[in-house]
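Shown next, in structure tokens, is the structure this report addresses.
In the text below, chain A, chain B and the rest are named by the order of the sequence lines, each starting its count at 1.
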Amino acid sequence: MKSNVKILDKLYAAKGISNTIVLFLSLILALIVGGVFFLANGYSPIDAYAAIFIGAFGSFPAFIMTLTQATPLIFSGLAFAVAIRGGMLNVGTEGQLFIGAFAAAIVGAYIKGCPAYIHIPLVLLAAAIAGGLWAALVGFLKVRFGSNEVITTIMLNFVAINLTGYLVNYPLKNPEGMMAQTKPIFDSAKLPRFFSQYQLSAAILLAALTIAVIAFIFYKTPLGYEIEVTGKNKRAAETAGIKIDRVVIITMFISGAIAGLGGAGQVMGINHSFIDGFSPGYGFEGVAVSALVANNPVLTFFSGILFGAIKAGAITVNRIAHIPMDFVFVIQALVVIFVASPKLVGSILNIFKKKGDK
Amino acid sequence: MNSKIFKKVVVVFLIAVIVTSLAGCGGKSIDMGESDAIRIGIVLTTQGLGDKNFNDMAYGALQRAEEELSIEFDYSEPRSNGDFEVYFREFAQSGSYDLILALGYESSEALKKVADEFPQQKFTIVDAKVECENVSSIFKNFEEQTFLSGVLAGLTTKDTSLENINSENTVGIVIGADSPLLRSAMTGFTAGVKYINRDAEILTGIVGSWSDPGKAKEISTSMYERGADIILQAAGGSGLGVFNAAETANGYAMGTGANQNHIKPDQIIATATYNLPKIVFDEVKLLTEDKWEAGLHTWGIKQDAVGYSVEDSNVKLSPEIIEKVEEVKQLVVSDELSLPKTLEDIDEWLKNNPVK
Amino acid sequence: MNAVEMHGISKEFPGVKALDNVDFSINKGEIHALLGENGAGKSTLMKVLYGMHQPNMGTISIKGKDVRINSPIEAIKLGIGMVHQHFMLVPVLTIAENIVAGAEPKNGLFFDLHKAISEVDKLAKDVGFTIDPRKKVEELSVGERQRIEILKALYRGVEILILDEPTAVLTPLEVKELFTTLRQLKQKGMSIILITHKLHEIMEVSDKVTVLRDGKTIGTVLPKDTSANELANMMVGREVKMGVKCRSTNVGDKLFEVQNLCLKNGDRFCLKDINLYLRKGEILGIAGVEGNGQTELIEVLTGLRKPDKMCLKIGEHEISNNAGADEFIKSGIGHIPEDRGERGLVLDMSIKNNCILGYHRINRFIKKGIFLNNVIGKYARHLIKTFKIKAVNEEIHVGTLSGGNQQKVIIGRIFAQNPEVVIAAQPTRGVDVGAIEYIHHKMIEFRDEGKAILLISADLDEIKSLSDRIVILYKGCVVAQGVTDDFTDTDLGILMTGGKISNEER
């Protein structure tokens, strides 16, 4: 497992090669390759990109939509980045997001009569603890039984999604209406929205705040230091008297707690209840969000917004350009592939250079 | 923290925002309803296009409307149940759609929210009840959908000239989940069988999942062993298990929804059809004729929204049976026969409605 | 006509001039040592010859013919082979398979194992090796593996053989065997280039020495015309004192005592009934062939591994057998790990952050749970200055430093925290002469402050020159201990390999 992380780190970091130009060219290249892909399937790439741009930045509501879509992605990107720093591949952010969202919905809907300034923190705390414990279980299994965290997190995703699915379909289903969802949360548990007609809620501020807290922990505290050392060199950490088992579990807890908060943000800011299957893969996309910025926790904010823009654009894409949404996700994947592997872009550029020489 | 990378990302990000914003302003003219044609927007279900069911049927109906009624339409494929609100708002906000269509109860709550916000916007939702002044909510009558198939099954189970029909006077029904909607399917089927065949026994099974054909096969196999010769499935994806059981147990089966007879033409004798394309097409047609109305619409046999189909089946039922079923159908269409609403009402209803 | 002639070679890496107008030549049938501190450019020079780097300037000629060597494959074709410090063998394959890999004899389309075995057998006999080509590489000792690497090069028809620090991993006996082999190869007309920084080896085996310093050729001399000390001076560029004995003059009370240490691995004892003690102001050396329990001993004495039985005291304070590494550090036991890249440092972290590793929770660096960034930065700069660490600043990754400077980071970090006892494992492994001298000097200084050091080293010369007393470890047991100067080299050799001498306890 250790070697895996190293390879990933190398791929994503590839220091000294990436610079502004390469990064920018990577984006352009992704768009060009994506464009070829559109053309090959009989769609106009210009229409497609125009639709994405309109949907993402073309108007004020579009930009708000971008931020709305970005919010859960920032959380899950951050969650993944945190785990990577501790040397773990947390592919279970999706499951942790579900568990966090579910805990938020329960505490939001069943605890009654407290004012918002108590209820909101309480709900957030519940979500963070639930998501955190769910992920800490992975850390525990790893240190206690040596289970590979990639496998356990993936498996726990299934458990989380199906367990919450069962609960909202049967025992905790909202009796009103046919939809599989929990009772709506009380108003006191709802995150305020910036504009009444848009879904964008204070969850995005919470994401920024969470990033600030994580940056503080990582760069200013002994715990952050121990996480970094453990992630980069377990044996050196052990030699330095760091209790690596504990650090692994704590790292996973923090990572899961962040993913859980992402889920809570959706419940408290957008859906106002836990809806069965509410996430189209926000957690999984966190991997890409994090990869795009070499797992730098602070920068996940920006890559989250970039991905949010693509998603917002995607919504517009099949409405006005009549292009199936799946194509947009191809673009998204291309962006990650190109940006995350500057060496690939470098060698592609070299090809052009050589041709130019001849 | 590596401030160099940080700066680079920020710079690239800002450039991207500026460039895309400019491109956005310049390219806004792609198509925003510049023609005068009636524009429809449809938000599909999370299964999306290619599901060979709901979404494809609705899409097909709109394509037909595009040709025959010269409307235009745009569609969206949400990825999750949490996305509906975003999509409805996206359509409503653009202000360029005469009608926004929605499918299925999963989207009903999101639709209600958005419909309240945009009172001038017309919405139609199929298969869900949304009470709102600007929403036409079309709800199929599930009892009526399975009723005629019940009649057909009640008659066929006595026709021992058919290869797979046994001497037992028993049929069965397998449903996907124990919900009010599915119970009404059961009511319609039971009423149909008993209406024409008072002594028939009806076995019932609940799979508890829409995607577990294995379990459905087990349930239906035991039904065939207990003497059932025809089983109707109303279990979505699990229904395939019933068809497979029919094949191994040498029984007959019936489908629900789009015509399923072609799946196992030697086993499936009929489908309790749901004519979604007609519903969608008719709704659009009403709009073009300015006859669209908000409110709750229950569509049934009379509107030809539900019914039965024996097309594509290799099992040749006797003309007498078909004739009889058609007779019963006419009684419903002419309002001479109205169906019971719950399973408990059936006994009472049977007393009041002797076979004519 | 020389076998290899490199003239005016310059090689620049971004920001560094690694080689500056270097000349180097070697005759047929010659053993030529390439001497220099780490970072002096000897590896770079050899990588240029082996086609791994392209020089910015200069010419290479092989047997009088000017060549451009673009890759190791081309180098091999030209008869140049290189044995790296880290062996590139596949443990689960046989010797024969490893040797022929990449140039396998074929029987039609298929690999011909029988032919491979007979060819390898013949080759080995030619150079006087006794090996069984059917044996798997994983069963071999380090010295044997090295011979396989040499055979691999010979199999490809190599006439010029480059050996990168070949003795770093060998026991004294294996070193002797290697030298015998090299002399045999020389007899057969091979040219051998030996990259090393061990002076006495050069004096023993090489015909010529070329000294590099800071990417420049300092000179080429014949060993018989020079001395180890003179070579060291050339290499470092100033006067150095090598291998000076410096015994403690002020030994105090017992400071650290280990009693009845037993450690089992499964049913087998790794360490059995170890008793040893350290007194204030002394260095105790652990001598022994590698793999006789040294690693396990270090791990137990630093809290990384729980012993099955032990009584450990530092001063009056007893450390429980369940204590973790953090408690050992807190109790004043510093640890210089055997392998600095693996246990000692986090290579892709800044020097600054590595300076507090293991001491990152002490009050000096933290206020209200938050790191005092300025204090830590200042501390790191202080260590860089005090311990003469060659680094641009404290923010660069420690992995970019040379081995010697990396080791100085560890040593600085430990000594600056003023521990009572230091467990120093291989403190100078893979470190250049200048740094060795400096590290030894620091250790003696520390000892003279009345502290104690437990020195574990594979370098017997290091043990002999630094230790006041010696403990000899063989198969996990202490077979002898006593005052260093009471043991002769022969005694040590016999005891380390499990032999007995009369009058063991002195």
Original post:
Which answer fits A/Y166, side chain, backbone, both or neither, if we ask what part of it has an atom under 4.5 Å from a heavy atom of chain B?
Top reply: neither
Subject >> Heavy-atom pairs under 4.5 Å with chain A, option from B/E90, B/E109, B/E106 with the top count >> reply: B/E90
Original post:
Would you find a donor on one side and an acceptor on the other, under 3.5 Å apart, between the side chain of B/R89 and the backbone of A/Q197?
Top reply: yes
Subject >> Portion of B/F73 that has a non-hydrogen atom of chain A nearer than 4.5 angstrom >> reply: backbone
Original post:
Which bit of B/K113 is near chain A, if near means a heavy-atom gap under 4.5 Å: side chain, backbone, both or neither?
Top reply: side chain
Original post:
With a cut-off of 6.0 Å (strictly less than), are more than 12 heavy atoms of other residues, nucleotides or ligands near NZ of A/K220?
Top reply: no
Subject >> Minimal non-hydrogen separation, B/N81 against A/D276, with atom names >> reply: ND2-O, 2.9 Å
Original post:
Between B/G82, B/S107, B/G104, which shows the greatest number of heavy-atom pairs under 4.5 Å with chain A?
Top reply: B/G82
**OP:** Could you look at A/F274 and say if it's the side chain, the backbone, both or neither that has a heavy atom under 4.5 Å from chain B?
**Re:** neither
Original post:
What part of A/I315 lies closer than 4.5 angstrom to a heavy atom of chain B: side chain, backbone, both or neither?
Top reply: both
Original post:
For A/P324, is it the side chain, the backbone, both or neither that has a heavy atom under 4.5 Å from a heavy atom of chain B?
Top reply: both
Subject >> Engaged part of A/Q266 at the chain B interface, taking heavy atoms whose separation is under 4.5 Å >> reply: neither
Original post:
Most heavy-atom pairs under 4.5 angstrom with chain B, which of A/T316, A/I270, A/I52?
Top reply: A/T316
Subject >> Interface moiety of B/Y97 toward chain A, non-hydrogen atoms closer than 4.5 Å >> reply: side chain
**OP:** Check each atom of B/E77 against the heavy atoms of chain A and say whether the ones under 4.5 Å are side chain, backbone, both or neither.
**Re:** both
Original post:
What distance separates A/I54 CD1 from B/S94 OG, expressed to the nearest 0.5 Å?
Top reply: 11.5 Å
